Amino acid sequence: MHDLKEIRKDFSTFEEALKKRLVNIDLNILKDLDIQNRDLIQKKELLEKEKKDISKSKDKSLFAKSKEISRSIDKLYEKQKKIRSDLEKILSNIPNTPHVDVPIGKNDNDNVEVTRSGEIPEFDFKPMSHYEIGEKLDMLDFDLATKTTGSRFVFVKKKLALLERAISNFMLDIHITKNGYEEISPPLLASENSMFGTGQLPKFENDQFEVKLDEGGERKFLIPTAEVILTNIVKDRIIGLNLLPMRFVASTPCFRKEAGSYGKDTKGMIRQHQFYKVEMVSIVEQTKCMEELERMTNCATGILDLLELPYRKVILCSGDMGFSAEKTYDIEVWLPSENKYREISSCSSCGTFQAVRMKTRYKNQKKETLFPGTLNGSGLAIGRTLIAVMENYQQKDGSIRIPKVLRPYMNNLEKISVN
RNA sequence: GGAGAGGUGGCCGAGUGGUUGAAGGCGCACGCUUGGAAAGCGUGUAAAGGGGAAACCCUUUCAUGGGUUCGAAUCCCAUUCUCUCCGCCA
């Protein structure tokens with residue numbers, strides 16, 4: 001969410017920045033409400049002062065008047081409350097503005113490749129897709145998932161399940177021991193308020209799985225990414241400078257409705273309602289976002305380097321970024337069966353956008369209270385890493401070689417084949 | 001599910017109708033002390049909103065929302081969250 005005070009300073013610049021995101025929002029309404037709001041606040045405060053003075057004076061002859069003032073204040077307050085909630089409604093639906101580094105564009109066609117890395121494997125046979133490999137090995141079972149649950153779920157079985165677990169543990173270990181992240185095993189449900197904090201709500205409710213706890217309390221949602229729960233660790237808090245930067249990592253299941261992607265990636269486990277992901281989150285001083293974004297992206301690509309998988313790094317254009325992001329790098333891994341790169345990680349700086357929503361602040365050196373920057377990135381999507389390993393390491397006989405770094409996590413298994 | 005207790009500043013914790021934004025402690029910052037550190041001593045240290053070029057001023061805030069009152073952290077009601085005990089269960 002944008003800080004109204006900041007927007008107010010320069011409406012036109014803000015409007016320009018928003019245009020880059022191709023959103024159509026009439027800022028005149030916002031401007032107008034803001035003026036009305038402040039006007040009402042001033043009137044109300046004037047009356048409050050008067051009332052306060054009477055109460056302090058303890059002059060009985062003025063008590064009746066004080067009561068009258070109370071009624072006027074109530075009226076003003078009702079009006080102001082309505083306007084403020086209108087303001088907040090508008091503000092909470094405005095996406096973050098793009099950082100100056102971000103290329104202007106409409107959609108993923110306008111994203112810009114930054115680097116490529118790794119060798120694209122060559123096969124002397126036609127490489128199979130991960131689901132062909134998996135089904136032949138009887139280690140991926142989509143039909144079974146359809147039977148027990150429904151579409152867009154999968155059973156991963158036997159050695160492939162072990163491989164999936166190995167990938168998760170391997171990534172976590174690297175981030176914890178080499179990259180300075182604190183390991184967290186978080187709740188998989190998030191409150192409505194937490195979902196608001198990171199920007200999933202109110203705008204993207206259709207993508208979320210809501211869970212009924214029949215408590216009558218606050219609504220709860222299955223996390224679409226651990227970003228939600230890890231970032232909200234600092235919700236409603238003022239953080240001491242000595243605690244920054246904070247870096248958290250968790251490996252969790254993620255749940256998404258994938259509304260609006262009907263017909264997309266229906267085959268295989270590229271796009272599921274449930275998938276595992278290792279997620280990194282950083283909370284940093286607001287001046288250090290770009291620095292941290294580079295660092296975090298390197299943590300993600302570092303995993304692919306170790307797994308010896310070919311990938312490229314892409315910077316998303318203004319029109320393709322997520323709601324809360326100010327700058328995003330996607331990392332795309334090579335998938336032989338599709339003969340193209342597919343997203344395996346997305347690292348974003350949200351600037352102060354989420355901090356404002358979460359009411360997270362920190363004290364800087366000058367003891368000023370400021371909103372920190374928040375960043376999140378996959379390090380990496382586990383399901384898609386599994387796919388990438390299967391496809392890039394596949395052998396003519398339908399077996400899969402195991403990347404060297406994963407073998408210690410799999411009893412030194414070198415190859416997955418039938419039986 | 002049954003019974004009870006409680007939500008106060010960055011944190012802990014006093015405070016039961018009138019300068020209480022709120023004692024005390026911890027933490028933090030600065031200064032003194034020291035060869036340097038620790039300890040010790042001294043000083044300072046809430047947030048949000050509004051106004052102002054600024055100094056600064058004003059309003060609000062003791063879980064949330066209502067109520068009583070000229071006046072509420074303090075009294076009443078509702079909601080919510082947390083903790084303890086019992087039951088149930090991984």
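Values reported hereafter were calculated over all heavy atoms of this structure, with side chains retained and with hydrogens, waters and symmetry mates removed. Small disclaimer: the values here were computed from a predicted structure and weren't measured. Residue numbers start from 1 in every chain, and the chains themselves are labelled A, B, ... in the order their sequence lines are given, proteins ahead of strands.
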Taking atom NZ of A:Lys257 as the centre, does the number of heavy atoms from other residues, nucleotides or ligands within less than 6.0 Å exceed 12?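 Yes, enclosed.
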For B:rU64 versus B:rC81, give the span between their P atoms, rounded off to a whole number of Å.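 Rounded to whole Å, the distance is 15 Å.
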Earlier contact from the 5' end, RNA chain B, for A:Tyr77 and A:Asp34: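 The 5'-side residue here is A:Asp34.
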A:Asp3 vs A:Arg237, nearer the 5' end of RNA chain B by closest nucleotide: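 Comparing both residues, the 5'-ward one is A:Arg237.
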Can you measure [X] atom [atom1] to [N] atom [atom2] for me and round it to whole angstrom units?
{"X": "A:Asp236", "N": "B:rG9", "atom1": "CG", "atom2": "C1'", "value": "15 Å"}
{"X": "A:Asn364", "N": "B:rU45", "atom1": "CG", "atom2": "C1'", "value": "15 Å"}
{"X": "A:Lys44", "N": "B:rG50", "atom1": "NZ", "atom2": "C1'", "value": "10 Å"}
{"X": "A:Ile73", "N": "B:rC58", "atom1": "CD1", "atom2": "C1'", "value": "14 Å"}
{"X": "A:Asp53", "N": "B:rC70", "atom1": "CG", "atom2": "P", "value": "18 Å"}
{"X": "A:Arg84", "N": "B:rU61", "atom1": "CZ", "atom2": "P", "value": "12 Å"}
{"X": "A:Asn193", "N": "B:rC81", "atom1": "CG", "atom2": "C1'", "value": "13 Å"}
{"X": "A:Ile238", "N": "B:rA48", "atom1": "CD1", "atom2": "P", "value": "6 Å"}

At under 4.0 Å, does any side-chain N or O of A:Lys51 touch on OP1 or OP2 of B:rG71?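 The answer is yes; a side-chain N or O of A:Lys51 sits under 4.0 Å from OP1 or OP2.
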Phosphate contact (B:rG71 OP1 or OP2) by A:Lys65 side-chain N/O below 4.0 Å: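 Looking at the OP1 and OP2 atoms of B:rG71, neither is under 4.0 Å from any side-chain N or O of A:Lys65.
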Indicate, yes or no, whether a donor-acceptor pair under 3.5 Å links the base of B:rG49 to the side chain of A:Glu45.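 Indeed, a donor on one side and an acceptor on the other fall under 3.5 Å apart.
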Which of the following nucleotides, [options], is nearest to the side chain of [X]?
{"X": "A:Arg38", "options": "B:rG51, B:rU69, B:rU59", "value": "B:rG51"}
{"X": "A:Lys49", "options": "B:rG51, B:rG49, B:rC58", "value": "B:rC58"}
{"X": "A:Ser66", "options": "B:rG50, B:rC70, B:rA46", "value": "B:rC70"}
{"X": "A:Glu48", "options": "B:rU69, B:rA47, B:rU60", "value": "B:rU60"}
{"X": "A:Thr369", "options": "B:rG51, B:rG71, B:rA48", "value": "B:rA48"}

Ion pair A:Lys9/A:Glu6, N-O distance below 4.0 Å: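 Between A:Glu6 and A:Lys9 there is a salt bridge, with a charged N closer than 4.0 Å to a carboxylate O.
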Is any NZ, NE, NH1 or NH2 atom of the basic residue among A:Asp207 and A:Arg256 found under 4.0 Å from an Asp or Glu carboxylate oxygen of the other?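 No, no charged N to carboxylate O under 4.0 Å.
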For [X], answer base if it contacts any base atom (sugar-phosphate contacts may also be present), sugar-phosphate if it contacts only those atoms, and nothing otherwise; contact means non-hydrogen atoms under 4.0 Å.
{"X": "A:Arg361", "value": "sugar-phosphate"}
{"X": "A:Arg8", "value": "sugar-phosphate"}
{"X": "A:Lys43", "value": "nothing"}
{"X": "A:Lys5", "value": "sugar-phosphate"}

So, for A:Phe353 and A:Phe323, is the gap between ring centers shorter than 6.0 Å?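 Yes.
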Between A:Lys235 and A:Lys359, is there a side-chain heavy-atom distance shorter than 4.5 Å?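 SC-SC contact between A:Lys359 and A:Lys235 ruled out.
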Partner set under side-chain hydrogen bond (donor to acceptor under 3.5 Å, both in side chains) for A:Asp305, not counting sequence neighbours: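 A:Tyr311.
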Does a side chain donor of either A:Asn107 or A:Asp320 reach within less than 3.5 Å of an acceptor in the other side chain?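 There is no such pair between these side chains.
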Indicate whether the side chain of A:Glu326 and that of A:Ser349 have a donor and an acceptor atom separated by less than 3.5 Å.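 Looking only at side-chain atoms, A:Ser349 and A:Glu326 do form a donor-acceptor pair, the distance falling under 3.5 Å.
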Just the atom pairs and distances: protein N or O near nucleotides 18-22 of chain B's N or O, under 3.5 Å.
unit_1 : atom_1 : unit_2  : atom_2 : d
B:rG18 : N2     : A:Ser55 : O      : 3.2

As a check on the pairing definition, encode RNA chain B in dot-bracket form, counting Watson-Crick and G-U wobble pairs whose two distances are under 3.5 Å, and using | for partners outside this strand. ((((((((.[[[..)..(.....]]]((((((.......))))))((((((....)))))).[[[[[..)....]]]]])))))))....
With a cut-off of under 6.0 Å to the ring centre and 45° to the axis, is A:Lys44 in cation-pi contact with A:Tyr77?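 No.
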Ring-plane angle category for A:Phe153 and A:His273, please: parallel below 30°, perpendicular beyond 60°, tilted otherwise.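 If you compare the ring of A:Phe153 with that of A:His273, the planes turn out tilted.
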Hey, does the side chain of A:Ser348 reach the backbone of A:Cys350 with a donor-acceptor pair shorter than 3.5 angstrom?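 Checked: no pair found.
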